[in-house]
Amino acid sequence: MPETPRLRFAPSPTGTLHVGSVRTALFSWLFARHHSGAFVLRIEDTDVARSRTEWTEGIQSSMRWLGLDWDEGPILQSTRFALYDEAIAKLLADGLAYESFETPEELAAMNDERRARKLPPGYAGRARDIPPEAPAALGAAGRPAVVRLRTPDDGRSTFHDEIRGDVSVEWSSIADFVIRRADGTPTFFLANALDDIDMGITHAIRGEDLIDSTHRILAVRRALGAERQLIYAHIPLILSADRAKLSKRHGAVSVEEFRDQGYLPEALINYLGLLGWAPADGREVMTLAEMAAEFDLDHVTHSAAIFDHQKLDWLNGEYLRALTPEHLEERALPVAVAAFGPDLDRDVLSSALVVAQARATTLNRMIEQMDFLFESEAEFEIAPESWEKLAGTERVDEILAGALQHLITCEWTVEGVDLRPVLNRLEIKPKKAMPALYAAIEGRHAGLPLFDSMHLLGRERACARLIAARDRLASG
Ligand code: GLU
C-alpha cells in the first residue's frame, strides 16, 4: 500500500448500534489495523432532529465493549457547521450549486407530473437558471430555500468498488440533489464528502445499502475539488434466515441487546468478523488480533451474509467453555446478582457454573437454568407443562418414593446421589423416569445435569422437593 490508509466509521446516531453497522465498523477497523493505518470515529449527526446524544454515547460504549478502539474522534459533524456553510457558499459562488425555492407541495406535484410521463421522480432543475438577483427576492417572500448541487445531464457516473467492481449509472438518472436543507443544515452527501476529504480518508468501507448515494457523494467531492480518489468497498448486507433485512422480529439486533442477553464481546465480534469474510485457512474461532493479522478485502464474500443465531450461540459457548472457573464467575456474577439478589450463595454459584459450562450458550441462559438452586422451598414452582409430564409418567409414585428413599440414606456425593440403580431395581428405563425427576427437583423436565444439581441443592432440600411432588400428586 503506497500510503498509510485512513479509514473511518461514520454512524448516524439515530438509534442503538445495529450489528450490521458494527460489522461495517469492524471491517474498517480490521483493514486499518492490518495495514497499520488510522481508524477515525465520526458521528454523522447533521440531522439534528433525529440525532441524540445518548445514542452517540451508546455507540461509543458498544464499540469499547467490543474492543474496537479508535485513533481519532469522536468527531461530531454537528460541531462543524461553519465548515459546511463555507463550502456551500463557495459552491454557490462558483455556480456549481444553486438555490431553489419550491414548497413541498410543488415538489410533490412535479414528481406526479414526471411519473405521469414515465420519468423517474426527482428535481428536474427548474431553478437552475433563476437569475442571480432573484433568489434574494424569493427568499424574502418567505419561500423555503434549499441548495442543490448541479449534476451532469449526460454521460455516466462510474466508480470502481473493491468488492463490486465497476458501478455505473446514467447521470440523467441523478437529479440535482439537496446539499443544504431549508433549515440551513447540510445534508449527508455534503457533510460526508467534505469530511472524507478534510480528514484525509483513503478507504470507505460501508454497507451495500449506501451504494446508490456514492454517485452523489462523488459528485460533491468533484465539485469541492478533491484531489485524491477515495477507494470504496461496499460490503453485502446481513440478512436473516428468511432473507429479509435483519430486524427486531428476528431477535436481538443491537449490540446492547446481545450484551444484555449474555453474549461475550469476544464471541460476538468473532462471529461478526466471520460473517461475510473468512481467513484463507477457514478457521472459525479467532480473536480480534488474529482477524486483523489476516484481514483483506479479497476474501469478503459477494453475496449477502445470513445471520445464524445458532452458530452465534455455539461460538459463544466455545468462548464460555474456554474460561477458567474464576473468569467464568467474574463474567456471570452481575447476571446472577440481577437474577437472585446480592446475597446469593457464591459457593453454590461457582459450582453450578462449572456444571452448566459444558453445555453453555449464553450467560443469561446459564443463570436462568440454575434458578431452582437459589429459590427457597416456598418460592420453588414446577412449570405447568413439566408438572403435566411428571403427572403423566407411568409409575411416577414408585419413582418418587424410590428416589426419596435413596436420597435419605445415600452418601451425599455426585456419585452417591445417582438414581440409576434405583430405577434399575424398579426396572424402569431412565429415559422414561428422568423428566419426572427433573421436574420435581429443578421445576423443568430438562435442565442442568440432575445428579450434580441434587448434590448442590443438599439432602434436605432435594428430599423436600420429592416429598412436595409426592404430596401434590396424592392430593390432586
Ligand atoms: N452515516 C452513514 C450511515 O450511518 C454512513 C456513511 C458512510 O459510511 O459513508 O448510514
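FYI, side chains are in, hydrogens and waters are out, and symmetry mates aren't considered; it's all heavy atoms of this structure.
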For residues Glu3 and Thr202, is any side-chain donor paired with an opposing acceptor at under 3.5 Å?
no
Among Val255, Ile269, Leu17, which residue satisfies the side chain to side chain contact (heavy atoms under 4.5 Å, CB included) criterion with Trp65?
Val255
Any Phe189 side-chain heavy atom under 4.5 Å of Phe177 side chain:
yes
Let me see the working for Asp71 and Val40 under side chain to side chain contact (heavy atoms under 4.5 Å, CB included), right down to the final yes or no.
CA-CA 6 Å; Asp71 308 306; Val40 180; over 6 Å; no
Should we count CD of Glu170 as having more than 12 external heavy atoms under 6.0 Å?
yes
Min side-chain heavy-atom separation Thr362-Gln261 under 4.5 Å:
no
Going from CZ on Arg180 to CD on Glu99, what distance comes out if it is rounded to the nearest 0.5 angstrom?
5.5 Å
Do Leu272 and Leu268 come within less than 4.5 Å of each other through their side chains, counting heavy atoms only?
yes
Rounded distance [0.5 Å steps], CG in Leu66 versus CG in Asn270
12.0 Å
Could you check if a side-chain atom of Pro11 sits within less than 4.5 angstrom of a side-chain atom of Ile43, using non-hydrogen atoms only?
yes
Kindly determine whether His18 and Ser21 satisfy side-chain hydrogen bond (donor to acceptor under 3.5 Å, both in side chains), including the steps that lead there.
CA-CA 5 Å; His18 188 283; Ser21 306; 5.2 Å; no
May I ask you to decide whether Glu72 forms a salt bridge with Arg42, counting only side-chain N to carboxylate O separations under 4.0 Å?
no
Just checking Gln310: does its CD atom have more than 12 heavy atoms from other residues, nucleotides or ligands closer to it than 6.0 angstrom?
no
Working for salt bridge (Lys or Arg N to Asp or Glu O under 4.0 Å), residues Arg33 and Asp69
CA-CA 10 Å; Arg33 294 291 172 257; Asp69 54 347; 3.4 Å; yes
Are side-chain N/O atoms of Tyr123 and Asn111 paired as donor and acceptor at under 3.5 Å?
no
Steps toward side-chain hydrogen bond (donor to acceptor under 3.5 Å, both in side chains) verdict (Ser240, Asp242)
CA-CA 5 Å; Ser240 65; Asp242 60 6; 2.3 Å; yes
Say whether Glu257 and Ser254, considering side chains only, have a donor N or O and an acceptor N or O under 3.5 Å apart.
yes
dist Thr361:OG1 -> Leu320:CG (nearest 0.5 Å) comes out at 8.0 Å
With a 4.5 Å limit on heavy-atom distance, are the side chains of Val147 and Leu92 in contact?
yes
Are Phe295 and Trp277 an aromatic pair, judged by ring center distance below 6.0 Å?
yes
Does the pair Arg259 and Glu256 meet the rule for a salt bridge (Lys or Arg N to Asp or Glu O under 4.0 Å), with working shown?
CA-CA 5 Å; Arg259 186 195 58 202; Glu256 274 104 329; 5.4 Å; no
Take atom CZ of Arg156 as the centre, draw a 6.0 Å sphere, and report whether it contains more than 12 heavy atoms from other residues, nucleotides or ligands.
yes
Less than 4.0 Å between a side-chain N and a carboxylate O, is that true for Glu86 and Lys90?
no
Contact check, side chains of Ile211 and Arg206, non-hydrogen atoms, under 4.5 Å
no
Relative to the ring of Phe31, is the ring of His35 parallel (under 30°), tilted (30 to 60°) or perpendicular (over 60°)?
tilted
Please report whether the ring centroid of His215 lies less than 6.0 Å from that of Phe159.
yes
Side chains of Asp45 and Trp55: donor-acceptor distance under 3.5 Å anywhere?
no
Just wondering, do Asn192 and Thr187 contact through their side chains at under 4.5 Å, heavy atoms?
no
How long is the straight-line distance from CG of Leu288 back to CG of Leu26, given to the nearest 0.5 Å?
6.5 Å
Any donor-acceptor pair under 3.5 Å linking the side-chain atoms of Ser386 with those of Arg444?
no
Quick one: pull up CZ in Arg164 and OG1 in Thr214 and give me the separation to the nearest 0.5 Å.
10.0 Å
Does a salt bridge link Arg365 with Glu368, judged by any charged N lying under 4.0 Å from a carboxylate O?
no
Quick one: are Glu162 and His160 in side-chain contact, heavy atoms under 4.5 Å?
yes
Steps toward side chain to side chain contact (heavy atoms under 4.5 Å, CB included) verdict (Arg283, Glu290):
CA-CA 10 Å; Arg283 243 176 316 160; Glu290 287 165 348; 4.2 Å; yes
Distance only, no hydrogens: is a donor on one side chain within 3.5 Å (strictly under) of an acceptor on the other, for Thr185 and Asp183?
yes
Intermediate values then yes/no, side chain to side chain contact (heavy atoms under 4.5 Å, CB included), Val335 and Met366
CA-CA 10 Å; Val335 185; Met366 287 176 92; over 6 Å; no
Are side-chain N/O atoms of Thr158 and Asp166 paired as donor and acceptor at under 3.5 Å?
no
Kindly determine whether Tyr271 and Lys311 satisfy side chain to side chain contact (heavy atoms under 4.5 Å, CB included), including the steps that lead there.
CA-CA 8 Å; Tyr271 179 70; Lys311 181 149 183 213; 3.9 Å; yes
Please report the C-alpha distance between Ser453 and Glu442 in whole Å, then the side-chain angles of each, then the deciding distance to 0.1 Å, and finally whether the side-chain hydrogen bond (donor to acceptor under 3.5 Å, both in side chains) criterion is met.
CA-CA 8 Å; Ser453 300; Glu442 302 191 23; 3.2 Å; yes
What distance separates Asn364 CG from Asp260 CG, expressed to the nearest 0.5 Å?
8.0 Å
